[in-house]
Amino acid sequence: MEIITREQNSLQIISLKGRLDASTAPQLQTNFEGNIVLGNRFFILNCQGVDYVSSGGLRVLLIMTKKVRALAGGLVLSNLHPFVEDLLTMAGFNKVIPTVASEEEAINLLTKGETK
Amino acid sequence: MKSLCLPATLDALEEIGKYIVEAAKNADLDAKAAYGLRLAVDEIATNIITHGYKEAGKIGDVAVSGVLTDSSLTIVLEDTGIPFDPMSHNLPGDDYLSLPLEERPIGGLGIFLVLKGVHAFNYEHVDGRNRNIFVMNRPVGTPE
């Protein structure tokens with residue numbers, strides 16, 4: 001799995017490429033936790049390059065969501081593949097993790113909800 | 001279809017995934033059905049590798065095979081890890097999706113996705129081997 005992180009509007013934008021399953025999800029978790037340690041709290045996960053997610057991937061998305069919430073931050077998923085979006089809906093995760101169609105919408109969502 | 005035998009480590013998930021994608025293509029499954037099947041097999045394979053072997057301190061293989069008929073595609077996962085019937089544990093009830101995420105039984109999501117993803121799922125333990133069987137109906141009247 002390829003993980004590329006950049007900063008924009010004080011947000012961390014993580015772009016993923018590859019499968020997000022039990023074998024690759026720990027990579028994302030480690031990367032994310034390293035980023036949290038640096039003091040970052042607002043994240044966008046661009047999933048454009050992810051055509052497959054399993055429950056192992058969902059588990060890490062949930063861990064990340066809980067972590068940013070505990071820090072009064074936010075995590076938004078963007079650019080989901082239709083089948084991945086279906087999976088999130090089927091598993092009921094769409095009620096817990098915000099998903100939007102584009103990075104731009106994700107930025108709007110996070111900056112609007114952010115109190116500075 | 002040719003079967004595939006892999007060391008039971010998480011690295012096997014990628015190869016199993018490729019095998020399923022190829023099998024689904026041969027069976028003319030649509031993309032959504034193919035995703036459901038891949039997810040179902042992946043969830044069980046992940047359980048076999050982590051619970052059946054690793055956490056039990058065992059080393060072994062996981063084999064995947066497929067049988068294609070006019071009406072169905074059957075995928076079988078076989079392993080010699082500890083006997084484990086996925087249907088006997090954490091079977092999600094009707095209220096599963098209405099439970100808050102933190103109150104859902106651990107491991108329930110995997111089997112929920114298995115049952116959602118395939119037309120039939122069966123488990124049997126034969127001659128010291130776990131056999132997890134996934135059946136997909138093929139689309140009717142698919143042009144050759």
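For clarity, every value in this text was computed on a predicted model and none was experimentally measured. Numbers restart at 1 for each chain; the letters A, B, ... are given by sequence-line order, proteins then strands.
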Side-chain (B:E43) to main-chain (A:S55) donor-acceptor, under 3.5 angstrom
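Indeed, once roles are kept as given, a pair shorter than 3.5 Å links the two residues.
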
Treat each ILVMFWY residue as a node, draw an edge where side-chain heavy atoms are under 4.5 Å apart, and state whether [X] and [Y] are in one component.
X	Y	value
A:M64	A:I3	yes
A:I14	A:L62	yes
A:V96	A:F43	yes
B:F134	B:L115	yes
A:V68	A:V60	yes

Heavy-atom contact with chain A under 4.5 Å, split by part of B:A45
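Contact with chain A is absent: no heavy atom of B:A45 under 4.5 Å.
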
Which answer fits B:K32, side chain, backbone, both or neither, if we ask what part of it has an atom under 4.5 Å from a heavy atom of chain A?
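Answer is both: backbone and side chain atoms of B:K32 are under 4.5 Å from chain A.
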
With a 4.5 Å limit on heavy-atom distance, are the side chains of A:F93 and B:L109 in contact?
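Yes, at least one pair of side-chain atoms sits under 4.5 Å.
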
Should B:D42 and A:Y52 count as side-chain neighbours, where that means a heavy-atom distance under 4.5 Å?
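SC-SC contact between B:D42 and A:Y52 confirmed.
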
How about CD on A:E104, more than 12 heavy atoms from neighbouring residues, nucleotides or ligands closer than 6.0 Å, or not?
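Open.
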
Does atom CD1 of A:I63 have more than 12 heavy-atom neighbours, drawn from other residues, nucleotides or ligands, at distances under 6.0 Å?
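Yes, the 6.0 Å shell around CD1 holds more than 12 heavy atoms from other groups.
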
What are the two closest non-hydrogen atoms of A:A22 and B:T46, and how far apart are they?
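Result for this residue pair: CB-CG2, 3.4 Å.
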
Between chain B and each of A:D86, A:L58, A:V53, count heavy-atom pairs under 4.5 Å; write down the option with the most.
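Top option by heavy-atom pairs under 4.5 Å: A:V53.
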
Gap between atom CG of A:D51 and atom CZ of B:R38 - 0.5 Å precision
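The CZ atom of B:R38 sits 6.0 Å away from the CG atom of A:D51.
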
Taking every heavy-atom pair that is under 4.5 Å apart, which of B:G117, B:G17, B:A31 has the most such pairs with chain A?
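Among the listed options, the one with the most contacts to chain A is B:A31.
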
What's the verdict on side-chain contact (heavy atoms from CB on, under 4.5 Å) for B:L113 and A:M90, showing C-alpha distance, side-chain angles and the deciding distance?
CA-CA 8 Å; B:L113 297 176; A:M90 191 163 74; 3.5 Å; yes

